[in-house]
Chemist: 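After the structure tokens below, expect a handful of questions from me.
Numbers here simply count residues along the sequence, with the first being 1.
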Amino acid sequence: MLFTPEPLAPTLDSARRVLKQYYGYDTFRPMQESIISNIMSGKDTVVLMPTGGGKSVCFQVPAVVQEGVCVVVSPLIALMKDQVEALKANGIPAEYINSSVGQSEQTSIASDCLNGYLKLLYVSPEKLVSPGFLQFLQRLRISMFAIDEAHCISSWGHDFRPEYTQLRVLREQFPQVPIIALTATADRLTQRDIQQQLRMHEPEVFLSSFDRPNLNLIVRPGQNRVGSIVEFVTARPSESGIIYCLSRKQCETLAQKLKEKGVRANHYHAGMTPNQRASVQEGFLRDDLQVIVATIAFGMGIDKSNVRWVIHYNLPKNIEGYYQEIGRGGRDGAPATAILFYSFADVMSLRDMLTKDADPRLSQLSLTKLERMQQFAEAASCRRKILLNYFGETLEKDCGNCDICRNPPTTFDGTELAQKALSAVVRMRERAPIGLLIDVLRGMRNQAILQGGYEQIKTYGAGRDLPYLDWYSYIHQMLNDGLLYIAYEEGYSLKITEVGKLVLQGQRQLPMKKFQPAEKAEKQPRGKKAASAASAPTDAAGQLFERLRQLRKRLADEQNVPPYVIFTDTTLQEMAAERPVSRTAMLAIGGVGMKKFENYGEVFIKAILEFGGAPNPSDAAEDDEDEMPGPAKPRRTREAGDTHETTLQLHRAGLSIDEIAERRNLAASTIRAHIETLYAKGQSIRLDEFLSQGEYAEITTARAQLGGEPQLRDLFDHLREKYDYFKLRLAGLYQKRLKS
Ligand code: ADP
Ligand code: ZN
């Protein structure tokens with residue numbers, strides 16, 4: 001099919017049409033809309049948005065709407081390839097040029113650019129600034145330059161790429177072309193650097209919230225992490241995930257353990273050849289590999305949207321890195337889990353590593369960052385608040401989607417408990433590190449204890465009644481409360497502070513937070529059944545999702561693309577919940593644009609029909625004419641599921657249909673259907689928000705004029721299309737309620 005853009009004046013309306021037609025989404029996310037308006041007015045723009053926030057749409061949609069070609073600078077070949085594949089799958093003409101593209105192909109791409117056929121051209125920074133290429137660009141009509149991963153330009157950032165600093169020539173050579181810089185890094189220094197180096201003219205800066213509410217944040221104690229990880233992963237056979245480790249050795253061992261349990265896992269680290277790494281990455285993108293066990297070298301080029309969980313086997317060095325890594329989970333907006341295993345041993349080895357830095361100033365900075373990371377891991381208050389706070393954002397309420405919020409710690413008077421530990425510290429002459437202290441308190445008999453003669457001290461065995469992990473947690477609280485500190489230079493031995501002495505002498509009370517074992521704190525909040533429904537498909541929607549997922553995988557393999565290029569998990573989940581069996585219903589699913597419908601609509605409808613068809617009475621009624629040919633008439637099986645319940649709750653919380661749709665990442669039409677079903681089931685909803693008294697009167701009059709039980713379509717025509725089907729159906733339901 002040839003790309004035939006309608007002659008669109010670049011307005012927000014035309015941008016919305018493009019979003020619907022090519023991406024299959026009904027509305028822009030709030031920030032996207034302002035960004036797109038700004039770009040279309042020809043201004044320089046800086047976009048700071050977390051991974052998964054939807055940056056690509058911000059420049060891709062204006063690129064389609066505006067005349068000329070948008071030149072996108074992107075640092076990684078893999079990233080370019082993914083983005084271009086995704087654009088093509090949506091029916092948007094795009095190509096990339098980098099060192100991996102052959103000469104003859106480059107020539108043909110160049111001629112497509114000159115003909116004005118391409119809307120987006122992705123290039124590597126090296127290619128862009130090569131002399132011949134800049135000359136070639138001079139011959140094109142360029143709508144804008146989009147600089148992706150723009151933080152790479154700053155040596156302050158964590159991912160500096162020297163090639164990026166040459167991008168300053170763009171402003172010199174193309175003074176009229178607006179520049180859009182996009183990144184997921186928020187820090188101020190980097191942001192200023194980007195603007196200066198690109199010579200931007202008073203750019204508008206869009207800083208979106210860095211909150212990722214769909215990430216379920218969990219911290220677990222580091223004991224028996226291999227066992228916990230194996231258990232976690234094997235319970236989720238169809239969910240992709242990434243495990244980050246500090247060392248290559250650990251990566252390999254853990255990947256091996258998982259393989260032995262039948263998990264499709266592999267390791268990934270800088271010690272492998274580029275070919276090996278590329279093949280592991282490819283396997284992961286294609287869902288052939290379920291799990292990647294990686295060092296931090298893995299991830300930047302990963303555009304995979306259906307990563308359902310991220311595990312940190314070790315404590316990350318700083319919060320920036322941690323946040324970026326967990327950000328690779330749940331980019332599609334569906335629930336995802338981030339688990340961090342926290343052990344004090346990690347803190348110690350990281351400290352050792354960081355203090356080796358030659359520049360003492362740098363090492364001081366890294367140590368401070370490590371401390372903040374440690375505080376996060378040990379926190380007893382909402383984790384998301386702490387994270388966002390770190391990035392300069394304040395969250396009004398606790399998040400409700402972290403282990404602490406789900407299971408807030410209870411407090412008790414810990415004075416006596418603390419006194420036992422403090423007394424032991426003193427009696428061991430402040431020479432014992434934490435592990436030894438706990439062993440002494442618990443009355444263990446091991447070599448270290450016997451050698452030090454610690455079985456003789458008065459507090460030996462005084463804490464027998466508590467398990468190791470409990471003690472571990474309480475001693476950490478004492479460290480955090482400043483009763484103890486660690487002498488790193490003396491074999492990490494614990495020392496008592498002045499405050500500690502006060503508590504020991506009974507001059508001060510010490511409230512403590514009760515230790516809770518991990519599993520309890522991890523349960524998903526009620527009513528928020530995670531995407532992990534996919535792993536154990538107990539309900540019908542879960543089973544259908546699984547079928548659609550397999551269908552997607554088969555199609556992806558046939559076409560040699562990653563599965564999420566066909567549809568994202570969110571799109572499949574919406575299909576599984578709504579079971580669209582007509583063209584209209586299918587196009588109302590978020591993520592199904594025209595091109596995707598053309599390519600895949602029919603096969604997916606067929607799969608849904610085979611499974612049992614439309615659950616939603618309203619679905620079939622509205623457009624029975626364009627129903628797809630299918631085997632039997634759809635059976636209507638589905639009881640009111642969680643999805644309706646969620647909509648109801650949000651509606652009751654005062655959200656509009658569009659807001660609910662935005663929040664749930666569902667189409668507004670889907671939410672309208674939910675509202676109808678809920679109302680039909682007798683739930684109380686705010687009807688006047690959707691239908692005024694006057695409208696109701698007019699619709700009922702028309703119904704009376706037609707007589708009997710008129711078809712909705714007739715009513716629609718009779719009223720000259722003045723009211724949409726939603727209003728017509730609501731009016732009907734209201735009338736029924738009045739009568740009964
Ligand atoms: P980023 O580049 O910021 O990491 P992406 O552009 O990859 O984020 O978008 C993340 C996900 O959100 C993608 O699956 C994308 O299709 C989806 N998305 C983007 N904009 C919208 C929108 N307006 N409505 C619904 N989904 C959207
Ligand atoms: Zn929280």
Chemist: With rounding to the nearest 0.5 Å, note down the distance linking CD in Gln451 to CG in Leu436.
Modeler: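 Between Gln451 CD and Leu436 CG, I get 10.5 Å after rounding to 0.5 Å.
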Chemist: Checking the side chain of Thr183 only, and the main-chain atoms of Glu149 only, is there a donor and an acceptor separated by less than 3.5 Å?
Modeler: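 Not confirmed, Thr183 side chain does not pair with Glu149 backbone.
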Chemist: Does any part of the side chain of Leu437, heavy atoms only, come nearer than 4.5 Å to the side chain of Leu494, both counted from C-beta?
Modeler: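 Counting from C-beta outward, Leu494 and Leu437 do come under 4.5 Å.
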Chemist: Between Arg264 and Asp288 (salt bridge meaning N to carboxylate O under 4.0 Å), is one present in this structure?
Modeler: no
Chemist: Mind checking what makes salt bridge (Lys or Arg N to Asp or Glu O under 4.0 Å) contact with Lys385, not counting sequence neighbours?
Modeler: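 Scan of Lys385 (salt bridge (Lys or Arg N to Asp or Glu O under 4.0 Å), adjacent residues dropped) gives Asp398.
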Chemist: Taking the six-membered ring of Tyr564 (Phe, Tyr or Trp), confirm whether the NZ or CZ of Lys304 is under 6.0 Å from its centre and within 45° of its axis.
Modeler: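 No, cation not above the ring by the 6.0 Å, 45° rule.
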Chemist: Any chance the side chains of Ser209 and Glu393 put a donor and an acceptor closer than 3.5 Å?
Modeler: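 Indeed, the side chains of Ser209 and Glu393 share at least one donor-acceptor pair under 3.5 Å.
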Chemist: Inspect the contact between Lys514 and Asp470 and indicate whether a charged nitrogen and a carboxylate oxygen are less than 4.0 angstrom apart.
Modeler: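 Salt bridge flag = no for Lys514 with Asp470.
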Chemist: Do Ile326 and Arg212 come close enough that some side-chain heavy atom pair is under 4.5 Å?
Modeler: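 No; the side chains remain at least 4.5 Å from each other.
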Chemist: Are Arg331 and Asp569 close enough for a salt bridge, meaning some N to O gap below 4.0 Å?
Modeler: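 Salt bridge absent between Arg331 and Asp569.
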Chemist: Just jot down the side chain to side chain donor-acceptor pair (under 3.5 Å) partners of His267, sequence neighbours excluded, or say none.
Modeler: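 His267 satisfies side chain to side chain donor-acceptor pair (under 3.5 Å) with no residue once adjacent residues are dropped.
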Chemist: Give a yes or no on whether Glu231 atom CD has more than 12 heavy-atom contacts from other residues, nucleotides or ligands under 6.0 Å away.
Modeler: no
Chemist: Take a 6.0 Å sphere around NZ of Lys257 and say whether it holds more than 12 heavy atoms from other residues, nucleotides or ligands.
Modeler: no
Chemist: Look only at the side chain of Tyr460 and the backbone of Gly443, and say whether a donor-acceptor pair between them is shorter than 3.5 Å.
Modeler: yes
Chemist: With no hydrogens and no angle check, just 3.5 Å: does a side-chain donor-acceptor pair link Gln191 and His151?
Modeler: no
Chemist: Is there a donor-acceptor pair under 3.5 Å between the side chain of Thr570 and the backbone N or O of Asp332?
Modeler: yes
Chemist: To the nearest 0.5 Å, how far apart are CZ in Arg236 and CH2 in Trp309?
Modeler: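 Separation between the atoms: 9.0 Å.
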Chemist: According to the interplanar angle, ranging from 0 to 90°, do the rings of Tyr474 and Trp471 count as parallel (below 30°), tilted (30 to 60°) or perpendicular (above 60°)?
Modeler: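 Taking Trp471 first and then Tyr474, their aromatic rings stand perpendicular (interplane angle over 60°).
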Chemist: Between Asp346 and Arg351, is there a side-chain N and carboxylate O pair less than 4.0 Å apart?
Modeler: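 No.
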Chemist: Step through the shown structure and confirm whether more than 12 heavy atoms of other residues, nucleotides or ligands are within 6.0 Å of CD on Gln447.
Modeler: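 Atom CD in Gln447 is not crowded, with 12 or fewer foreign heavy atoms closer than 6.0 Å.
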Chemist: Does any part of the side chain of Arg383, heavy atoms only, come nearer than 4.5 Å to the side chain of Asp403, both counted from C-beta?
Modeler: yes
Chemist: Test Ile218 against every option in Ile339, Leu340, Asn401 by the side-chain contact (heavy atoms from CB on, under 4.5 Å) rule and name the one that passes.
Modeler: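 Looking at Ile339, Leu340, Asn401, the match for Ile218 under the side-chain contact (heavy atoms from CB on, under 4.5 Å) is Ile339.
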Chemist: Tyr244 side chain to Pro316 main-chain N or O, any donor-acceptor pair under 3.5 Å?
Modeler: no
Chemist: Under the 3.5 angstrom rule, does the side chain of Gln419 hit a backbone N or O of Val503 as a donor-acceptor pair?
Modeler: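 Yes; at least one donor-acceptor contact below 3.5 Å.
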Chemist: Quick check: does any side chain N or O of Asn214 sit under 3.5 Å from a backbone N or O of Gly330, one acting as donor and the other as acceptor?
Modeler: yes
Chemist: With a cut-off of 6.0 Å (strictly less than), are more than 12 heavy atoms of other residues, nucleotides or ligands near CD of Glu416?
Modeler: no
Chemist: Ignoring hydrogens and geometry beyond distance, is a side-chain donor-acceptor pair present between Thr273 and Arg277 at under 3.5 Å?
Modeler: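 Absent: no donor and acceptor within the cut-off.
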Chemist: Assess, by modelled atom type and distance only, whether the side chains of Arg431 and Tyr454 contain a donor and an acceptor separated by less than 3.5 Å.
Modeler: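 Not at all, the side chains of Arg431 and Tyr454 share no donor-acceptor pair under 3.5 Å.
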Chemist: Is a salt bridge present between Arg549 and Glu546, judged by a nitrogen-to-oxygen distance below 4.0 Å?
Modeler: yes
Chemist: Check the surroundings of atom NZ in Lys420: do more than 12 heavy atoms from other residues, nucleotides or ligands lie under 6.0 Å from it?
Modeler: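 Result for NZ/Lys420: enclosed.
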Chemist: Can you check whether Leu510's main-chain N or O pairs, donor with acceptor, with Thr415's side chain at less than 3.5 Å?
Modeler: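 Yes; at least one donor-acceptor contact below 3.5 Å.
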Chemist: If you round to the nearest 0.5 Å, how far is CG of Leu395 from CG of Leu387?
Modeler: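 It is 10.5 Å, given to the nearest 0.5 Å.
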Chemist: State plainly whether the residues Glu320 and Lys369 are in salt-bridge range, i.e. N to O under 4.0 Å.
Modeler: yes
Chemist: Quiz question: by atom type and distance under 3.5 Å, do the side chains of Tyr313 and Gln250 form a donor-acceptor pair?
Modeler: no
Chemist: What are the two closest heavy atoms between Ile496 and Leu484, and how far apart are they?
Modeler: CA-CD2, 4.0 Å
Chemist: Would a distance-only check, ignoring hydrogens and angles, find a side-chain to backbone donor-acceptor pair under 3.5 Å from Arg225 to Ser343?
Modeler: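 The answer is no, because no donor-acceptor pair under 3.5 Å joins these two groups.
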Chemist: Around atom NZ of Lys495, are there more than 12 heavy atoms from other residues, nucleotides or ligands closer than 6.0 Å?
Modeler: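 Counting other residues, nucleotides and ligands, NZ of Lys495 exceeds 12 neighbours.
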Chemist: Quick one: are the ring centres of Phe376 and Tyr322 less than 6.0 Å apart?
Modeler: yes
Chemist: Applying salt bridge (Lys or Arg N to Asp or Glu O under 4.0 Å), name anything that partners Glu282, two or more places apart in sequence or on another chain.
Modeler: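 Result, salt bridge (Lys or Arg N to Asp or Glu O under 4.0 Å) vs Glu282: Arg286.
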Chemist: Check whether any side-chain N or O of Asn314 sits under 3.5 Å from a backbone N or O of Cys245 as a donor-acceptor pair, and report yes or no.
Modeler: no
